[in-house]
Structure formats: C-alpha cells, structure tokens
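In this text the structure is predicted, and so the values were computed from the model without any measurement. Along the sequence shown, residues are numbered consecutively beginning with 1.
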Amino acid sequence: MPKNSKVVKREIDDDVIESVKDLLSNEDSVEDAFKKSELSVDDQEDKDVDVEEGSDVEDERPAWNSKLQYILAQVGFSVGLGNVWRFPYLCQKNGGGAYLVPYLILLLVIGIPLFFLELSVGQRIRRGSIGVWNYISPKLGGIGFASCVVCFFVALYYNVIIGWSLFYFSQSFQHPLPWDQCPLVKNSSHPFVEPECEKSSATTYYWYREALNISNSLSESGGLNWKMTICLLAAWVMVCLAMIKGIQSSGKIMYFSSLFPYVVLICFLIRGLLLNGSLDGIRHMFTPKLEIMLEPKVWREAATQVFFALGLGFGGVIAFSSYNKRDNNCHFDAVLVSFINFFTSVLATLVVFAVLGFKANIINEKCIIQNSEKIVKLLEIGNVSRAVIPPHINFVNITAEDYNLVYDMIKKVKEEEFSVLDLKPCLIEEELDKSVQGTGLAFIAFTEAMTHFPASPFWSVMFFLMLVNLGLGSMFGTIEGITTPIVDTFKVRKEILTVVCCLLAFCIGLIFVQRSGNYFVTMFDDYSATLPLLIVVILENIAMSYVYGIDKFMEDLKDMLGFSPNSYYYYVWKYISPIVLLSLLVASIVQMLLSPPGYNAWIEDKATEEFQNYPKWGLIVCISLIVLAMLPVPIVFLIRRFNLIDDNSNSLAAVSYKRGRIIKEPVNLEGDDTSLIHGKSPSEVPSPSFGKNIYRKQTGSPAVDTAPNGRYGIGYLMTNMSDMPESDL
C-alpha cells in the first residue's frame, strides 16, 4: 500500500466518524423535537387552551384560585332566598319536624345523585351547559339553550327581589324604623291614622303602599315606581361589576357573599333564643305531625324544594364545575354542598321560628289584655257571675295560663250565649299556625318582629344585608349559567356579553318595577321555571344514562376521580331518579291544571288580599313563558335530525370537542394537524418535520369524525396507533 494510502484511509475514516456523529446528533435533535412537541401537547391538554380560529393568541380557561373559593361559589349559588323564606314555610305547613324525614329521603334519592351528575359532567367536559350537551349528543344540544333561557327568566325577577332588599336596607338607618307605626294623615280639624294601615298593620301597609305602591290588579300598570327602579338599577350594576371578569372577579366576592349570611343567621339565632316566646316557636316547629307526613302533597313539595334548593337544571352548577381540574373529587363536593344546603335550611328555620315565636308571644299578650278588659266589663255589667272566676285571678296582671282557665270556665258556664260575648281563646299555637312565606315572611312578618327588638335598626340592617348577599350569591351562579355556555360556544368576549346581558335584563325588568310589578314577579316565579327546569333535568338524566351510556359514564368517573363511585349511583341514575322525576313532573302538571291560574291582588279600599284570575293576555304570557323556555329542545333536535345547518359552516355544527375542550374545525384539514393545536392556518405552520407531527391524520379520513355511538364531532385527533383505546387519548 502506498504511503499516502494510509492518509487517505484515515481521512475516509474521519469522514465516516463525522457522518455518524452528524447522524447521531440529528437523531438526538429529532428526538428532542419529538419530546418537546409531546410536552407541548400535554401542556395544552392540562391547561385546556381555548383556541379561536385564525388567532395566534392562546386563551387559557379560567380556574378557581382555591378549592375553598369553588365550594363557597357552589354554596352561594345553591343557598339562596328559598332557604330562608320557603323551607321554614314548608316545614311549618307539612308536619313540622316530620317534614324533615321526606326531605332527607328525597335529598338522598334525587338531590345528591343529580347534583353529583351535573358536577361531574361539567368537570369532565369542561364546558358550559350548551357545550356539555352538544358533546353528549348534538341532537340534545337544545337542553343547554333551554337552561340559558330559564336562567335569563329567573334572573329577570330574582334581581328585583334583591332590589326590594336594597330598598329596605337603605331605609333601615333610622330610629324608629319607618314601618314601626302607622302614619298619621293631617287634615284641617285633627290628624287621624291612615285607614289602609289601620285596617291591616304598619308593616303590611309599608310593604304594599310605601315600598311597592301596588295597584289593585295586574291590568292596572300604574306606571313605574321610581324608587324601585333605582334599586333595580343598583342591583344590576352590582351583578354586572361582580361578573364582568367571570369567576376571576366574582370568586373573590364569594368569600363575603357566601359567609356573611351564616354570621347573620347565627347572630339572629343567639339573639332570638334570648327573646321571650322563642322556645315556643322552635317547639312548634319540631313537633311532628306524623299523619300529615303520609300525604302525597308533602312528598311532592319536598321533592320540589330539594330540586330547586340545589339549583339543578339552571346550568350554574355545570358552569362552576367546568373551571375545576379534572381530577377534582366532585363526589365529595356534591355531598358536602348538599348537606351544607340542608343544614343552612334548618338553621334558617330555627331563626325564623324563634323570631316568629317572639312575635306570636307579643300578639298573644295583646290579645289577653284586650280580652281580659272585656271580661272585666262583663263582670261589671253582670253578664258573667263573679262566682265563675277563681279567687286567685288578678286581671291587672293576668298570665296566659290563668286567662285560658277563665276562658274555659266562662265557655262552659255560658255555653249557649258564649258566641255573643266575643271572647277569643288567645292561643300562641294559632298564631304560629298562620303560614307565611316569601315576601310576606321577609318584608312583613320578620320586619314586624324586628320592630320589637332592642336596637331594631341594627338588626334590620343586618337582616336585609343578609338577603342581598343571599340573592347575589344565587345571581352569580344564574348569570354564569348564561354567559359561560355562550362564551364557550360562540367565542364572544365575556366582558361585552356580561354588560349586554345585564343591560338587556334591566330594560326587560322594568315591567317588575311598575306598580303592578309584584304580580308579574308572582307570574314568572310560578310559570317560567318550575316545569321547564323539571323537563331539563329529566332530559339531562336520560341523556347521561341512555344516550351517552351509564356504563361509559361510570368509567369516565373512575378515570376522573381515581376510584369507582358506589353502585348506588348507577341504579339511581338509570332507574330511580328518572321514575321519581317523571312522577314529580306529572304531579306538577296535575297541580297546575287543578289550581286556577291567578294571583293575590292587594285591594286598597279593603286593605286585604283577594285572589284574582289572570286575564286572557295574562294566561297567554304564562303559557308563552313555558313554551319559550322549552322551545330550544325541539328546534335543535329537528335542526340536527334533518341537517338544516351545513356541517361545514361556521356555526354550532362546526364545533367539536377534543377531550373536553372545544376547537373549531376548518373546512379542509390539509397538511400538518399542528394547525389545529396551535390555532394556525396550514399556510402559517412550518413545513412538517419529524417529531412535530404528533397527531397524524388518517389517509382519506373525512374532515368530520362520527363516533361509533352516533355522537357528532367528538373531535379526537387520533394517532396512527389503532390499538390505543379512546380513553387513553
């Protein structure tokens, strides 16, 4: 071999070594690129980045700052005004302590399971109500729209109640309270008590005349009540400012709005227990009437209260849970929030009956004094013999027991003439049996009781501030049930949508601040939510159990929670809750048909309420509220069934879901699928290189996937690994 041949061989070997080094370095760079790309995809998966078509900006989905903030939001939404003024009334009406038995049973049978269902669906799919039910089945996408419509109807009149509370709150900073006594009317000769107030009571007069300035019927609008119009505007401004950034702004307010009512309730309970007669009220509440508990009406009303107390069907529960991490233990959340709601209702009932017991005791004392004076006059006239009266009785300072003894003895002696004597029994139980609920409890009975409190303005301020906070907590969830699905589906800016929604609601809400506005509140409360929400929740239950598949859903829960939920939920969701809900729907329809559609009108001349039937146009409005709320369900079903919207159009049909996050699918999926991940058009994406093409499109695959179970556009971007199950992706 020539001498220079070794040199040539060494150079060749060096070239080979360099080539191998280049090859290895290229392999390393390709592997690094693959790892980086894989990590990038995982990062996207974890953050659930929302990508707008044609936008380079990644908009991360908001998340709760802490688990406590989320729990407080759910508690604030579920615990509302109904816990304070509806539950105590039902407890009083339906057997006292015995009512708690059917309520607890139904809470376990339909309350917690359905609440858990909504929490888990929102957390699993991470979308609002529209996106969630589009994911389950596009034909059932109308369920989400129906929830939004119901939320809007409820928000219209619910914020009016907050406005009323703001008005009373603003009037509480004076002593004595303005509803403490009837006003005097001055004329040329002498002042006299306002006749309308004298025939009713000071608090009743203030509510109907000073606050609402109510008209005599629904047909008499009477023009706007400017005081309530300003209060309604203030209420909507508060809601708008709190919700303008979504949970990022409302979440911080939850710490106050959710916790403050408990501080007030505990303070009221302690103060109430120190009042004379409070234990009579609490004893009356917990005295069980077992015979009433067996009536079907009691179970129907208990089921309805469970249903509405947890906020099922509104979409707020789904919206709030959609901002959670997927591994959050939503089962624990469902049980915790449900029992917090129940114990809040019991706490509020204790407070209400303690205060009403005090009020009943005061009224009973007045009754005893007035009737004792009648007995003294009867003794003086000689209509009643003094021999009938026991010698130890002192009419100057007579006790309730002594009066009842005298009353019974006179009734026994003067049995035939007793009705002419016009004596009353003055029993505290009769006063406590007078059922009061809703605005009658908050703005009449409770305000009357507070006038007898020491430092009554302080307690009035606390009470109405509590009502405002309870209302706001529920309003946050209600508005979130409107804005979150629309933002997720139509990709509009949340700030703009919130302002437009609140402004529109205020303008429509002006019908509730007319002089006849209270009658419209009653109408919306009776017809806009009850039946539509029941139908929505029934469809939700059926969709998850039979359309999506209860077995598949249980597997999703196991994957999400890290453990398998109790098989109890399987049987409840599949068999028990649909039957119970359908029975409740039938019972509600029958009750609605048997009850004449009408309202209680305040008649100024008589100073009392009278039941009046709705006029023909009022009946049309009632029917329209139910129809409009449920109309999206058949409309969306027919649109999907007959493909009335082009799937390739920039519409709801072009929206698909990838592992719980929504993406817009371009009409032609060409080139690298990285454009789908990063939200770029194919022309903006660099040329494909090994290691970056993580999701590779199947050759000849259509632009829109159809899942084996018939669900449209689930949108999983599959790799070439055909043996990998869908759940692993």
Side-chain angles (χ1 to χ4, degrees), residues 48 50 59-65 67 69-80 114-136 141 143-155 158 239-240 242-254 257-258 310-326 328 330 333-334 337 472-495 497-498 501-502 505 529 533 536-537 540 544 632 655 657 660-662:
D48 285 305
D50 297 334
D59 180 24
E60 291 188 11
R61 185 170 185 80
W64 298 104
N65 292 335
K67 181 66 175 282
Q69 189 183 81
Y70 165 68
I71 294 296
L72 289 177
Q74 290 286 15
V75 168
F77 175 53
S78 64
V79 175
L114 292 175
F115 193 61
F116 179 35
L117 175 73
E118 290 201 354
L119 286 179
S120 53
V121 167
Q123 182 174 308
R124 167 68 176 83
I125 302 174
R126 304 203 68 179
R127 281 289 158 255
S129 54
I130 296 175
V132 160
W133 303 115
N134 264 325
Y135 177 95
I136 300 303
I143 298 175
F145 286 100
S147 292
C148 290
V149 174
V150 173
C151 277
F152 187 72
F153 284 162
V154 171
Y158 203 86
V239 171
C240 185
M243 296 300 301
I244 196 162
K245 292 289 186 181
I247 64 168
Q248 294 172 338
S249 55
S250 65
K252 298 178 178 63
I253 302 173
M254 293 295 179
S257 64
S258 297
L310 295 174
L312 300 174
F314 282 96
V317 173
I318 294 176
F320 279 153
S321 63
S322 71
Y323 299 113
N324 271 332
K325 295 180 180 178
R326 285 200 187 86
N328 174 61
C330 55
D333 300 341
V337 173
L472 286 176
S474 298
M475 277 297 297
F476 293 159
T478 305
I479 297 298
E480 199 69 50
I482 301 171
T483 58
T484 296
I486 295 175
V487 168
D488 290 342
T489 305
F490 298 103
K491 299 299 179 184
V492 297
R493 287 193 60 182
K494 194 155 197 171
E495 296 89 344
L497 177 64
T498 303
C501 179
C502 292
L533 281 180
V536 164
V537 176
E540 288 180 358
M544 291 308 301
V655 175
Y657 300 86
R661 74 171 187 266
I662 194 169

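Put simply, the side chain of C330 reaches to within 4.5 Å of the side chain of Q123, judged on heavy atoms. For the pair V132/E540, no side-chain contact is recorded, criterion being any heavy-atom separation below 4.5 Å from C-beta on. Side-chain contact check for T478 versus Y158: every heavy-atom pair is 4.5 Å or farther apart.
Aromatic ring orientation, F320 versus F77: perpendicular (interplanar angle above 60°, classes split at 30° and 60°).
Of all heavy-atom pairs spanning C502 and V239, the tightest one is SG-CG1, 4.4 Å. Nearest approach of A155 to I479, heavy atoms of both residues: CB-CD1, 4.2 Å. Contact record, T498 with C240: CG2-O, 4.1 Å, taken as the closest heavy-atom pair. The two atoms that bring L310 and F115 nearest to each other are O-CE1, 3.7 Å, heavy atoms only.
Proximity of a side-chain donor or acceptor of S129 to a complementary backbone N or O of G315 within less than 3.5 Å is not detected. Side-chain atoms of T484 do not come within 3.5 Å of backbone N or O of G481 as any donor-acceptor pair. R126 places a side-chain N or O within 3.5 Å of a backbone atom of S322 that can act as its donor or acceptor partner. Under the 3.5 Å distance criterion, the side-chain polar atoms of E118 are left unmatched by any main-chain donor or acceptor of V317. Judged by distance alone, with hydrogens and angles left aside, the side-chain atoms of T489 form no donor-acceptor pair with the main-chain N or O of I486 at under 3.5 Å.
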Between N324 and Y70, is the side-chain contact (heavy atoms from CB on, under 4.5 Å) condition met? List the steps. CA-CA 8 Å; N324 271 332; Y70 165 68; 3.0 Å; yes
Please determine whether side-chain contact (heavy atoms from CB on, under 4.5 Å) holds for the pair F476 and I253, giving the CA-CA distance in whole Å, both sets of side-chain angles, and the decisive distance to 0.1 Å. CA-CA 10 Å; F476 293 159; I253 302 173; 4.0 Å; yes
Full working for side-chain contact (heavy atoms from CB on, under 4.5 Å) between M544 and W133: CA-CA 9 Å; M544 291 308 301; W133 303 115; 3.8 Å; yes
Under the side-chain contact (heavy atoms from CB on, under 4.5 Å) criterion, do Y135 and I130 qualify, and how do the steps go? CA-CA 9 Å; Y135 177 95; I130 296 175; over 6 Å; no
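With values rounded to the nearest 0.5 angstrom, N328 atom CG is found 11.5 Å from W64 atom CH2. The CE atom of M243 lies 4.0 Å from the CD atom of E480; values are rounded to the nearest 0.5 Å. For the atom pair CD1 (I125) and CG (D488), the distance works out to 11.5 Å, reported to the nearest 0.5 Å. The distance from atom CG of L114 to atom CG of L119, rounded to the nearest 0.5 Å, is 11.0 Å.
A salt bridge links K67 with D333: at least one charged nitrogen is closer than 4.0 Å to a carboxylate oxygen.
With respect to C151, the side-chain contact (heavy atoms from CB on, under 4.5 Å) criterion is satisfied by exactly one of L533, T483, I482: I482.
Donor-acceptor pairing under 3.5 Å is lacking for the side chains of Q69 and Y323.
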